[in-house]
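To start, the structure itself, in structure tokens.
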Amino acid sequence: MRRATVYRYSLPMEAGVVLRNQRLKTRDGLLVSLWQDEKTGWGEIAPLPGFSAEDVTQAQEAVKHGLSQWMQGASLTAVASAFSALPSVAFGLSCADAELRGELPDVLSTRCAPLCHGDPNELYARLGALPGDKLAKVKVGLYESVGDGLNVSMLLEALPDLRLRLDANRSWTLAKSEGFARHVAPELRSRIVFIEEPCQTREQSREFARATGIAIAWDESVRDAGFTVQAETGLAAIIIKPTLTGSLNRCRQLISQAHAAGLEAVISSSIESSLGLTQLARIAQWLTPDAVPGLDTLDLMQAQLIRRWPDSVLPVIAEPDLEVVWQSQ
Ligand SMILES: O=C(O)CCC(=O)c1ccccc1C(=O)O
Ligand SMILES: [Mg+2]
């Protein structure tokens, strides 16, 4: 016996969450819950506006279609993998499948690289309180690159045991990236673990790494058509955002290729709800236990869904309060 339910959610975001120049007022997505032989499995399908090619309505149609096939006896692993053109659908269905089959371990670490923003005094206190190896993430490229350089230097100087990941999301020209580097003293640069996609093109980002000695990481590039994982001088890591990438099998393949090439693989959020985020934390603990994931996005939302992120005080919306949009017969 199999049963499937699809829910649709719309979670209010904190004011002022802006993604690729558009304000995100609510985070909309789907949850699937599957039942088979007394076991259950959940998955989240949440295309991210501005990043995903598919939207929630398209995803919903695909999910209904995929789950109908599963109800008729198809393997969900195969169904999920077939949705490679709709990565959010492939990822969410494969998570539900992995939970149902008992493949996705429950253990979860809440350790992730905190995103640095807001009041500097609060930020210093928060970073100062980080346990062990202090690792945090700073978004750059939103304002003047010189200001980014000064800001990053100030943080690294204030906290001598801090290491930073930076993320420029392909926003700099080579000239702007030089403006940044000019204001980060060479002796501070080794504490920048990597900067994600500093420049507008991959070639310019490589040039930035050569010129500055600061390592880079691929994020957007990992989702470019024809991308292959390859070791190169100056490249430290690849960032994997499963909701934008595809099935768990596809993510596992990228992770093994990265590890084989001596690169770090970093699991990162696409602003999923607490249900998806806790699954990402479990996936990170399972498949990339040595890499701190980039999952500090829960506080952009005003509520959690179904499963609580340990220690979060945000209210939790439970199953009876969710809108059911499809149910198997
Ligand atoms: O990676 C993280 O630490 C947090 C997630 C994050 O940065 C992000 C989340 C959604 C969309 C784009 C990005 C980004 O890499 O800029
Ligand atoms: Mg990025």
Side-chain angles (χ1 to χ4, degrees), residues 11 13-14 16-24 26-29 44-54 87-88 91 109-118 123 126-127 130 134-143 148 162-172 177 192-202 205 208 214-224 227 235-245 251 254-255 258 263-274 276-281 283-284 288 291-301 309:
L11 288 172
M13 299 291 284
E14 284 301 320
V17 176
V18 175
L19 276 182
R20 294 223 169 127
N21 305 322
Q22 74 185 62
R23 176 125 178 253
L24 196 64
T26 61
R27 185 71 177 101
D28 297 337
E44 174 163 349
I45 293 116
L48 186 62
F51 289 81
S52 298
E54 68 274 17
S88 62
F91 177 62
S109 161
T110 55
R111 175 148 191 241
C112 60
L115 286 167
C116 299
H117 51 74
L123 178 62
R126 202 166 146 228
L127 295 177
L130 280 178
K134 293 189 202 313
L135 177 69
K137 173 164 176 174
V138 179
K139 296 253 173 201
V140 295
L142 296 169
Y143 307 102
D148 284 329
L162 178 69
R163 292 182 312 132
L164 287 178
R165 292 174 179 168
L166 308 180
D167 186 0
N169 289 317
R170 289 186 173 169
S171 54
W172 290 333
S177 72
I192 298 175
V193 185
F194 55 69
I195 174 164
E196 296 175 27
E197 308 257 355
C199 298
Q200 289 163 349
T201 68
R202 252 184 263 172
S205 288
F208 169 87
I214 299 173
I216 55 173
W218 299 137
D219 175 5
E220 287 84 349
S221 293
V222 178
R223 275 113 48 200
D224 278 350
F227 175 83
L235 180 68
I238 64 167
I239 310 300
I240 300 172
K241 291 183 167 69
T243 288
L244 307 182
T245 301
C251 296
L254 284 167
I255 293 165
L263 298 169
E264 193 175 26
V266 177
I267 299 289
S268 156
S269 130
S270 310
I271 321 194
E272 291 83 357
S273 77
S274 61
L277 276 182
T278 51
Q279 288 182 325
L280 289 170
I283 293 166
T288 60
V292 177
L295 301 176
D296 185 24
T297 55
L298 183 61
D299 288 336
L300 303 177
M301 294 178 184
W309 180 266

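Numbering of residues begins at 1 and proceeds along the displayed sequence. Keep in mind that the numbers below use all heavy atoms, side chains included, and drop hydrogens, waters and symmetry copies. First listed ligand is number 1; within each ligand, the first listed atom is number 1.
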Identify, for atom 15 (O) of ligand 1, the protein heavy atom at the shortest distance, and state residue, atom and that distance.
->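 Going atom by atom, the protein heavy atom closest to atom 15 (O) of ligand 1 ends up being Lys241 NZ, 2.7 Å.
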Where is the nearest protein heavy atom to atom 2 (C) of ligand 1: which residue, which atom, and how far?
->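 I find the closest protein heavy atom is Lys137 NZ, 3.2 Å.
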Check: Ser269 N/O within less than 3.5 Å of ligand 1 N/O =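 No, there is no polar N/O contact under 3.5 Å.
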When you draw lines from the Mg ion (ligand 2) to OE1 of Glu196 and to OD2 of Asp219, what angle lies between them, to the nearest 10°?
->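 The angle at the Mg ion (ligand 2) comes to 90°, rounded to the nearest 10°.
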Regarding Ser221 and Arg170, is there a side-chain donor-to-acceptor distance under 3.5 Å anywhere?
->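 Short answer, yes.
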With a 4.5 Å heavy-atom cut-off, do Ile255 and Ile267 have their side chains touching?
->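 The answer is yes, as the side chains (C-beta and beyond) meet within the 4.5 Å cut-off.
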Hey, does Leu24 have a side-chain heavy atom less than 4.5 Å from the side chain of Val18?
->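 Side chain of Val18 against side chain of Leu24, heavy atoms only: no contact under 4.5 Å found.
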Side-chain ion pair, Asp296 and Lys139, N-O less than 4.0 Å =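 The answer is no: the pair does not qualify as a salt bridge.
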Would you call Glu196 and Lys137 a salt bridge, taking side-chain N to carboxylate O under 4.0 Å as the test?
->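 So Glu196 pairs with Lys137 through a salt bridge.
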Value rounded to 0.5 Å, distance of CG in Leu300 from CG in Leu11 =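 Between atom CG of Leu300 and atom CG of Leu11 there are 11.5 Å.
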Would you indicate which of Gly50, Ala168, Pro114, Gly294 comes nearest to atom 4 (C) of ligand 1 when only heavy atoms are counted?
->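 Heavy atom nearest to atom 4 (C) of ligand 1 belongs to Gly294.
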Between the candidates Lys139, Arg170, Glu272, which shows the shortest non-hydrogen contact distance to atom 7 (O) of ligand 1?
->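 When every heavy atom of Lys139, Arg170, Glu272 is considered, Lys139 comes closest to atom 7 (O) of ligand 1.
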Contact atoms of ligand 1, heavy-atom distance to [X] under 4.0 Å:
{"X": "Ser268", "answer": "1 (O), 2 (C), 5 (C)"}
{"X": "Asp219", "answer": "15 (O)"}
{"X": "Glu196", "answer": "15 (O)"}
{"X": "Leu48", "answer": "10 (C), 11 (C)"}

Side-chain donor or acceptor of Thr26 paired with backbone N/O of Asp28 under 3.5 Å =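 A pair under 3.5 Å: no.
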Qualifying residues under side-chain contact (heavy atoms from CB on, under 4.5 Å), relative to Ser268, sequence neighbours excluded =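 For Ser268, the residues satisfying side-chain contact (heavy atoms from CB on, under 4.5 Å) (neighbours in sequence not counted) are Ile239, Lys241.
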Using 2.8 Å as a strict upper limit, say whether an N, O or S atom of Ser268 approaches the Mg ion (ligand 2) that closely.
->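 Here the distance criterion (N, O or S atom, under 2.8 Å) is not met by Ser268, so no.
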Minimum-distance N/O/S atom that Asp167 presents toward the Mg ion (ligand 2) =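 Nearest to the Mg ion (ligand 2) within Asp167's N, O and S set: OD2.
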Name all residues meeting the salt bridge (Lys or Arg N to Asp or Glu O under 4.0 Å) criterion together with Glu220; count only those two or more places apart in sequence or in a different chain, and write none if there are none.
->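 Glu220: salt bridge (Lys or Arg N to Asp or Glu O under 4.0 Å) contacts with Arg20.
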Looking only at heavy atoms, is any part of Asp296 under 4.0 Å from ligand 1, and if so is it the side chain, the backbone, or both, or is it neither?
->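 For Asp296, there is no contact with ligand 1 at all, from either part.
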